[in-house]
Novice: 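Take a look at the following structure, please.
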Amino acid sequence: MYPAELVKPMRDDLASAGFEELYTADAVTNAINKEGTTLVVVNSVCGCAAANARPAAKMSLQNDKKPDHTVTVFAGVDKEAVDAARNLMVPFPPSSPSMALFKDGELVHMIERHHIEGRPAEMIAQNLAQAYDEFC
């Protein structure tokens with residue numbers, strides 16, 4: 001588990017963009033099961049989260065259509081919340097960072113770490129925006 005002071009700037013990066021931070025399994029279940037669409041970002045300390053995933057998640061919200069709810073859990077810190085989110089992302093294997101779009105509690109779009117690494121934030125944001133156009 002990472003110390004809170006290490007991850008605070010990484011948490012704040014998404015929280016300042018309006019992402020709700022989730023810390024418990026119940027909070028994750030309640031957020032994902034809300035009516036409408038929910039983007040879940042599994043945040044992490046890895047370099048691809050800083051360079052690509054977090055910027056992409058924020059950029060994607062500039063789209064005309066966007067999720068009704070945006071939430072985040074932090075891998076390596078909030079074990080209970082991350083495990084709950086990942087259980088709802090099956091059949092995709094756990095990866096961080098990653099992003100999942102849910103509609104009325106059902107997983108409809110997934111971006112795994114291997115879709116994030118080595119890709120510019122703009123490309124990832126475009127992928128999310130296309131999912132928003134289809135499901136939001």
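What you see is a predicted model; the values in this text were computed from it and never measured. The figures here come from the full heavy-atom set of this structure, side chains too, leaving out hydrogens, waters and symmetry mates.
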Novice: Going by salt bridge (charged side-chain N to carboxylate O under 4.0 Å, His left out), name the pairs with one or both residues in residues 58-70, residues two or more places apart or in two chains.
Specialist: Asp13-Lys58
Novice: Within the side chain of His69, is there an N or O that forms a donor-acceptor pair under 3.5 Å with the backbone of Glu35?
Specialist: yes
Novice: Once rounded to the nearest 0.5 Å, what's the spacing between atom NE2 of His109 and atom CG of Leu39?
Specialist: 9.5 Å
Novice: Side chains of Val71 and Thr38, heavy atoms from C-beta outward: is any pair under 4.5 Å?
Specialist: yes
Novice: With clusters built from Ile, Leu, Val, Met, Phe, Trp and Tyr whose side-chain heavy atoms come within less than 4.5 Å, directly or transitively, what are the remaining members of the cluster of Val90, listed by chain and number?
Specialist: none
Novice: Out of curiosity, Glu117 CD to Arg113 CZ, how far, rounded to the nearest 0.5 Å?
Specialist: 4.0 Å
Novice: Compare every heavy atom of Ala81 with every heavy atom of Val28, then report the nearest pair and how far apart it is.
Specialist: CG2-O, 3.5 Å
Novice: Please answer whether the main-chain N or O of Thr24 pairs with a side-chain N or O of Glu80 as donor and acceptor at a distance below 3.5 Å.
Specialist: no
Novice: Can you confirm whether Glu20 sits close enough to Leu22 that some side-chain heavy atom of one is under 4.5 Å from a side-chain heavy atom of the other?
Specialist: yes
Novice: Are the side chains of Val77 and Arg11 in touch, meaning some heavy atoms are under 4.5 Å apart?
Specialist: yes
Novice: Kindly write out the residues that satisfy salt bridge (Lys or Arg N to Asp or Glu O under 4.0 Å) with Asp83, not counting sequence neighbours, or none if the list is empty.
Specialist: Lys79
Novice: So, do Val45 and Ser96 sit near enough that their side-chain heavy atoms are less than 4.5 Å apart?
Specialist: no
Novice: Within the structure provided, determine whether Asn127 and Ile111 are in side-chain contact (heavy-atom separation under 4.5 Å).
Specialist: yes
Novice: With no hydrogens and no angle check, just 3.5 Å: does a side-chain donor-acceptor pair link Asn43 and Arg54?
Specialist: yes
Novice: Indicate the atoms forming the closest heavy-atom contact of Asn63 with Ala129, along with that distance.
Specialist: ND2-O, 3.5 Å
Novice: How close do Val108 and Lys103 get, heavy atom to heavy atom, and via which atoms?
Specialist: CG1-CB, 4.0 Å
Novice: List the steps, then state whether side-chain contact (heavy atoms from CB on, under 4.5 Å) holds for Phe102 with Met110.
Specialist: CA-CA 9 Å; Phe102 291 85; Met110 183 75 190; over 6 Å; no
Novice: Could you check whether any side-chain heavy atom of Glu122 comes within less than 4.5 Å of a side-chain heavy atom of Met59, counting everything from C-beta outward?
Specialist: yes
Novice: Give a yes or no on this: more than 12 heavy atoms of other residues, nucleotides or ligands lie within 6.0 Å of atom OH of Tyr2.
Specialist: no
Novice: Can you find a heavy atom in the side chain of Phe74 that is under 4.5 Å from one in the side chain of Val82?
Specialist: no
Novice: Are the side chain of Asn52 and the backbone of Pro120 linked by a donor-acceptor contact shorter than 3.5 Å?
Specialist: no
Novice: Name all residues meeting the side chain to side chain donor-acceptor pair (under 3.5 Å) criterion together with Asp104; count only those two or more places apart in sequence or in a different chain, and write none if there are none.
Specialist: none
Novice: With heavy-atom distances below 4.5 Å as the criterion, would you say the side chains of Met99 and Val40 are in contact?
Specialist: no
Novice: Using side-chain contact (heavy atoms from CB on, under 4.5 Å) as the criterion, list what pairs up with Lys8, not counting sequence neighbours.
Specialist: Asp12
Novice: Thr37 and Pro67: which non-hydrogen atoms are nearest, and at how many Å?
Specialist: OG1-CA, 3.2 Å
Novice: Hydrophobic cluster membership, with links at side-chain heavy-atom distances under 4.5 Å among I/L/V/M/F/W/Y: are Leu101 and Val73 in one?
Specialist: no
Novice: Looking at Ser98, is its backbone amide N or carbonyl O close enough to the side chain of Ser95 to form a donor-acceptor pair, meaning the two atoms are under 3.5 Å apart?
Specialist: no
Novice: With a 4.5 Å cut-off on side-chain heavy-atom distances among I, L, V, M, F, W and Y, is there a chain of contacts connecting Leu128 to Met123?
Specialist: no
Novice: Do Leu14 and Ile116 belong together in a cluster built from hydrophobic side chains that touch within less than 4.5 Å?
Specialist: yes
Novice: Quick one: does Thr72's side chain have a donor or acceptor within less than 3.5 Å of a partner on Val41's backbone?
Specialist: yes
Novice: By the rule that ILVMFWY residues connect when side-chain heavy atoms come within less than 4.5 angstrom, directly or transitively, which residues belong alongside Tyr23?
Specialist: none
